[in-house]
Amino acid sequence: MEKQKKKSRHNKQTHNRQYKDRLWRMIFNNKKDLLQLYNAINHTDYQNPDDLEVNTLEDVFYLSMKNDVSFLVGGTMNLYEHQSTFNPNMPLRGVFYFSRLYEGYVADNNLMIYHEKRVRLPKPKYIVFYNGTKNQPDSMELKLSDCFENTDNEAPCLECTATMLNINYGHNQELMKHCRRLKEYSIFVQCVREYIQSESSVEDALEKAIDTCINQDVLADFLKKHRAEVTNMILTTYDKDLYEKTLKEDAREEGREEGLMEGRAEIRAELNEFKLLNKCLLKAKRYSDLERATEDIEYQKKLLKEFGIE
């Protein structure tokens with residue numbers, strides 16, 4: 001029974017994340033919008049959407065997740081994924097997926113990998129778009145090598161780097177400026193979040209969020225065309241109670257992390273003070289005071305004050 005409850009909670013959490021993941025895929029399923037996003041990230045100026053060759057492996061599932069989108073353009077093999085929770089294991093997922101992509105590329109282009117001549121491959125580029133509720137920087141690198149147990153200085157023979165971009169509203173403003181679709185997606189998600197907090201039902205919140213965005217020309221063309229689909233998708237995957245509980249848990253976790261950091265800082269400061277006191281006592285050859293200070297905290301404080309160590 002307990003296992004069933006845990007499974008149910010996991011499914012709800014997965015569903016809560018799915019609506020944003022699925023919405024992102026719907027929006028950037030369009031080659032024109034995907035090319036605009038690529039240009040914004042890479043500071044390029046490709047104009048022809050047909051320059052972009054989508055090669056998403058639609059039939060490939062890995063780690064119970066389906067890939068968002070992968071495509072070839074400008075000599076790069078691009079893998080774009082949307083994440084509603086922070087996941088440090090994305091580089092490992094990338095290794096699995098890129099291996100399948102390159103396997104297909106070699107076969108499609110009749111490349112001879114067993115000959116002496118070096119084959120030419122498109123450069124891999126892995127971007128993770130983060131849209132969760134936890135605070136994360138605008139950009140950070142996630143490396144496969146961080147997962148390896150051996151921590152010596154020898155470079156591993158295998159590496160995969162994912163660049164995680166925070167696309168929550170207010171983050172990566174320069175990127176948003178050059179990709180209107182991404183900015184509008186960010187605004188829409190923020191609008192849904194705010195209305196869900198203020199309205200009595202998710203249905204009312206969605207109606208207001210969609211109407212507001214259409215009136216402000218935010219994803220207007222997309223929402224007018226797919227209004228029913230977007231509404232149904234969010235209603236069937238969203239759990240308001242779980243969302244609010246997740247927000248509270250995230251806040252508590254961040255508070256614990258901040259408290260731990262402050263505690264560690266205090267401990268380091270105290271250790272530094274004690275080391276300095278030891279040096280002073282040793283230099284003054286006050287060995288009996290040194291021995292007493294290690295056991296008597298009040299006497300230690302008295303000595304710290306005597307030597308002006310604070």
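- Tyr80 places a side-chain heavy atom less than 4.5 Å from the side chain of Trp24.
- Not counting sequence neighbours, Lys125 has no partner by the salt bridge (Lys or Arg N to Asp or Glu O under 4.0 Å) test.
- Side chains of Glu81 and Leu79 form a contact here, defined as non-hydrogen atoms less than 4.5 Å apart.
- The closest donor-acceptor contact from the side chain of Thr212 to the backbone of Lys208 lies under 3.5 Å.
- Under the 3.5 Å distance criterion, with hydrogens and angles disregarded, a donor-acceptor pair is assigned to the side chains of Ser145 and Glu159.
- Under the side chain to side chain contact (heavy atoms under 4.5 Å, CB included) criterion, Cys280 pairs with Phe307, Ile309, sequence neighbours left out.
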Problem - Verdict with reasoning, His82 to Ile167, per side chain to side chain contact (heavy atoms under 4.5 Å, CB included) - result: CA-CA 10 Å; His82 180 283; Ile167 57 170; 4.0 Å; yes
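- Ionic pairing of Arg227 and Asp211 is present here: one or more N-O contacts between side-chain nitrogen and carboxylate oxygen are shorter than 4.0 angstrom.
- In this structure, the side chains of Met140 and Tyr130 stay at 4.5 Å or more apart for every pair of heavy atoms.
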Exercise for the section: Start with the C-alpha gap between Asn39 and Thr44, add the side-chain angles, then the distance that decides, and say whether side-chain hydrogen bond (donor to acceptor under 3.5 Å, both in side chains) holds. Expected result: CA-CA 5 Å; Asn39 282 332; Thr44 51; 2.7 Å; yes
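- Salt bridge annotation for Lys302-Glu306: absent, with no cationic side-chain nitrogen under 4.0 angstrom from a carboxylate oxygen.
- Remark: Tyr169 OH is loosely packed, at most 12 non-hydrogen atoms of other residues, nucleotides or ligands lying under 6.0 Å away.
- Each ring-ring contact (aromatic ring centres under 6.0 Å, His included) pair with one or both residues in residues 206-225, not counting sequence neighbours, appears once here: Phe222-His226.
- Cluster annotation: Met112 is not connected to Leu121 through the hydrophobic network of ILVMFWY side chains, with a link wherever side-chain heavy atoms come within less than 4.5 Å.
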Handout entry: Check against side chain to side chain contact (heavy atoms under 4.5 Å, CB included), Met77 and Tyr105
Key = CA-CA 10 Å; Met77 181 85 75; Tyr105 183 87; 4.1 Å; yes
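- Taking the side chain as every heavy atom from C-beta outward, Val73 and Phe71 approach each other to under 4.5 Å.
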Exercise for the section: Step by step, work out the side chain to side chain contact (heavy atoms under 4.5 Å, CB included) result for Tyr195 and Val202. Expected result: CA-CA 8 Å; Tyr195 276 120; Val202 178; over 6 Å; no
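- Between the side chains of Asn78 and Thr76, a donor-acceptor pair is found at a separation under 3.5 Å.
- Counting all heavy atoms, side chain and backbone alike, Pro91 lies closest to Leu142 at CG-O, 3.3 Å.
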